[in-house]
Amino acid sequence: MTFRTRFAPSPTGPLHLGHAYSALYGHRLAEAKNGLWLLRIDDLDHSRSKPEWTQKIFDDLHWLGLAWPKPVRFQSQETDTYQTALDALARAGLIYPCCCNRADIAQAAAAPQEGVPEFGPDGRIYPGTCRHRCLSQARPGDALRLDMRKAVKALQKPVTYEEFGEQHSKRITLKAEALIAQVGDVVLRRKDQGAAYHLAVVIDDDAQNITDVVRGADLNAATQIHVVLQQLLNIPTPRYHHHSLIRDETGKRLAKRSDSKALSSLRKAGHSAQDITEHLFSAP
């Protein structure tokens, strides 16, 4: 099977050195495997995604010397595809409507049990306030959540995936108890009726026949959500490569507000793409 990976930035701000490292890292892996490196635009956040940022993503990646097959996949154009997946999960009885806002969830989780984590890969772990509701009770503005308790019961085989680290590789087996207690009932459709990241990324990777997911270590914990959804939807699980993060002088990972590390700012300051690449991949 041909190696296929992807880079999926959000057009909500400038690409920075961290994005450059991830894009170049994945591209190098694809080249080494004689495979394909795809570009996907994660523009599900309609309020913050802007066409001008999409164009700047293209410009920055071209400046780095990267090229990709056309057409580019835009998540905003795949609403029907995501709904099909939600319908399948609904038929299996695995999702429920939720009317809670962040304040409701924070208040309900204000006194967590000792030893139980308060936050997971989807943010604050949902306390289950609306878990008793069925889809027929859904109201406009409700989010849709995965019932993790029912999900782990529905899985008839061990939930595993391959992690290819920068130093070593291993097969990881997920435990049902940890998925329930440390991940919880994640959102699959937001209150604005748009697909949430966890559902969209799983469907997109399958649609693009991605064999290897290359992304930052900050998304490592989210992988367990994605593997569960893949198995529930009976789609292949790719291999995962979570690379180290590029950090600023204080040790914090870069954010889009880190303008001094934005590729456009570095380019204006006179740095070349070769400078950037050598800096990112030089031995520590």
Query raised in the report: Can you tell if the side chain of Phe3 reaches within under 4.5 Å of the side chain of Leu36, non-hydrogen atoms only?
Result: no
**Report entry** Over all atoms of both residues, closest heavy-atom pair of Gln231 and Thr237
**Finding:** CG-OG1, 4.5 Å
Report task. Could you check Leu144, Leu135, Asp185 and say which one makes a side-chain contact (heavy atoms from CB on, under 4.5 Å) with Tyr96? Result -> Asp185
Requested in this report: Evaluate the side-chain proximity of Val183 to Pro121: yes if any heavy-atom separation is below 4.5 Å, no if none is.
Outcome: yes
Report task. Examine Lys56 relative to Trp53 and say whether NZ or CZ is less than 6.0 Å from the centre of the six-membered ring and inside a 45° cone about the ring axis. Result -> yes
Query raised in the report: Hey, are the side chains of Leu229 and Leu188 touching, using non-hydrogen atoms and a 4.5 Å cut-off?
Result: yes
Requested in this report: Please report the shortest heavy-atom distance between Pro11 and Asp42, naming the atom on each side.
Outcome: CD-O, 3.3 Å
Query raised in the report: Are side-chain N/O atoms of Asn209 and Thr211 paired as donor and acceptor at under 3.5 Å?
Result: no
Query raised in the report: Around atom CD of Glu52, are there more than 12 heavy atoms of other residues, nucleotides or ligands at under 6.0 Å?
Result: yes
Query raised in the report: Checking Gln224 side chain against Ala221 main chain: does a donor-acceptor pair fall under 3.5 Å?
Result: yes
Query - Short side-chain donor-acceptor distance under 3.5 Å, Asp204 and Gln208 - result: no
Requested in this report: Please answer whether the main-chain N or O of His16 pairs with a side-chain N or O of His19 as donor and acceptor at a distance below 3.5 Å.
Outcome: yes
Query - Interatomic distance, Ile203 atom CD1 to Tyr82 atom OH [nearest 0.5 angstrom] - result: 8.5 Å
Requested in this report: Could you please spell out the steps behind the side-chain contact (heavy atoms from CB on, under 4.5 Å) verdict for Leu15 and Lys261?
Outcome: CA-CA 9 Å; Leu15 295 188; Lys261 305 298 182 182; over 6 Å; no
Requested in this report: Apply side-chain contact (heavy atoms from CB on, under 4.5 Å) to Arg139 and Cys99, showing your working.
Outcome: CA-CA 8 Å; Arg139 299 187 293 265; Cys99 61; 3.7 Å; yes
Query raised in the report: After noting the C-alpha distance and the side-chain angles of Phe164 and Tyr240, does the key distance pass the ring pair (Phe, Tyr, Trp, His ring centres under 6.0 Å) rule?
Result: CA-CA 6 Å; Phe164 286 77; Tyr240 285 88; over 10 Å; no
**Report entry** Atom CZ of Arg102: over 12 foreign heavy atoms under 6.0 Å
**Finding:** no
Query raised in the report: Any link between Leu86 and Val186 through a network of hydrophobic side chains (Ile, Leu, Val, Met, Phe, Trp, Tyr) touching at under 4.5 Å?
Result: yes
Report summary line: Which of His242, His243, His241 passes ring-ring contact (aromatic ring centres under 6.0 Å, His included) with Tyr25? Answer is His243
Query - Near-ring test Trp63/His271, centroid separation under 6.0 angstrom - result: no
**Report entry** Aromatic Trp37 / basic Arg6 pairing, under 6.0 angstrom, 45° off normal
**Finding:** no
Report task. Mark yes when over 12 heavy atoms from residues, nucleotides or ligands other than Lys70 sit less than 6.0 Å from its NZ; otherwise mark no. Result -> yes
Query raised in the report: Any side-chain heavy atom of Leu232 within less than 4.5 Å of one from Leu146?
Result: yes
Requested in this report: Would you check if Val213 and Asp205 make a side-chain contact, meaning some heavy-atom pair closer than 4.5 Å?
Outcome: yes
Query raised in the report: Measuring from Ile41:CD1 to Ile57:CD1, what's the distance to the nearest 0.5 Å?
Result: 4.5 Å
Report summary line: Separation between CG (Leu280) and CG (Asp275), nearest 0.5 Å, reads 10.5 Å
Requested in this report: Keeping the roles fixed (side chain from Ser22, backbone from Gly18), state whether a donor-acceptor pair exists under 3.5 Å.
Outcome: no
Requested in this report: Would you name the heavy atoms of Asp43 and Ser49 that are closest together and state the gap between them?
Outcome: CA-OG, 3.4 Å
**Report entry** Same apolar cluster (I L V M F W Y, side chains within < 4.5 Å links), Phe119/Ile225
**Finding:** no
Query raised in the report: Under 3.5 Å, side chain of Gln193 to main-chain N/O of Lys191, donor-acceptor pair present?
Result: yes
Report task. List the steps and the verdict of salt bridge (charged side-chain N to carboxylate O under 4.0 Å, His left out) for Asp142 and Arg133. Result -> CA-CA 11 Å; Asp142 281 352; Arg133 298 176 63 201; 2.8 Å; yes
Query raised in the report: Are Asp87 and Thr84 linked by a side-chain donor-acceptor pair shorter than 3.5 Å?
Result: no
Query raised in the report: When you measure from the centre of the six-membered ring of Tyr126, is the NZ or CZ of Arg131 under 6.0 Å away and within 45° of the axis?
Result: no
**Report entry** Lys175 (side chain) donor-acceptor with Thr173 (main chain) under 3.5 angstrom
**Finding:** no
Report summary line: With Phe58 as partner, the option from Thr54, Asp60, Leu61 fulfilling side-chain contact (heavy atoms from CB on, under 4.5 Å) is Thr54
Report task. Would you indicate whether the side-chain heavy atoms of Ile105 and Cys100 approach each other to under 4.5 Å? Result -> yes
Report task. Please name the pair of heavy atoms, one in Thr5 and one in Gly26, separated by the smallest distance, quoted to 0.1 Å. Result -> CG2-O, 3.8 Å
Requested in this report: First locate atom CD of Gln75, then atom OG1 of Thr81, and finally report the distance between them rounded to the nearest 0.5 Å.
Outcome: 11.0 Å
**Report entry** Verify same cluster id: Ile246, Leu64 (apolar side-chain graph, 4.5 Å)
**Finding:** yes
Query raised in the report: Between CG of Asn101 and CD of Gln107, what distance do you get to the nearest 0.5 Å?
Result: 9.5 Å
Report task. Flag yes if Met148 and Val202 sit in one hydrophobic cluster, no otherwise; membership is Ile, Leu, Val, Met, Phe, Trp, Tyr, and two members link when side-chain heavy atoms are under 4.5 Å apart. Result -> yes
Query raised in the report: Hey, mind stepping through His279 and Tyr21 against ring pair (Phe, Tyr, Trp, His ring centres under 6.0 Å) and telling me if it holds?
Result: CA-CA 10 Å; His279 168 70; Tyr21 181 76; over 10 Å; no
Query raised in the report: Does the side-chain contact (heavy atoms from CB on, under 4.5 Å) test come out yes or no for Leu266 and Leu17, once each step is laid out?
Result: CA-CA 9 Å; Leu266 294 169; Leu17 283 176; 3.6 Å; yes
Query raised in the report: Quick one: does Arg215's side chain get under 4.5 Å of Thr223's, heavy atoms only?
Result: yes
Query raised in the report: Sub-3.5 Å donor-acceptor pair from the side chain of Arg4 to the main-chain atoms of Leu38, do we have one?
Result: no
Query raised in the report: Under 3.5 Å, is there a donor-acceptor pair between the side chain of Arg190 and the main chain of Ala195?
Result: yes
Query - Glu163 with Lys170: basic N within carboxylate O range, under 4.0 Å - result: no
Query raised in the report: So how far is it from Thr160 OG1 to Lys157 NZ, rounded to the nearest 0.5 Å?
Result: 8.0 Å
Report task. Grab the two heavy atoms, one from Leu24 and one from Thr277, that are nearest each other, plus how far apart they are. Result -> CD1-OG1, 3.8 Å
Report task. Show the numbers, then the answer: is there a side-chain contact (heavy atoms from CB on, under 4.5 Å) between Val72 and Leu39? Result -> CA-CA 6 Å; Val72 171; Leu39 177 62; 4.2 Å; yes
Query raised in the report: If you look at every heavy atom in Gln230 and Pro238, which pair is closest and at what distance?
Result: NE2-CD, 3.6 Å
**Report entry** Hphob cluster co-occupancy, Val187 + Leu233, side-chain heavy atoms under 4.5 angstrom
**Finding:** no
Query raised in the report: Is any side-chain heavy atom of Leu245 less than 4.5 Å from a side-chain heavy atom of Asp218?
Result: yes
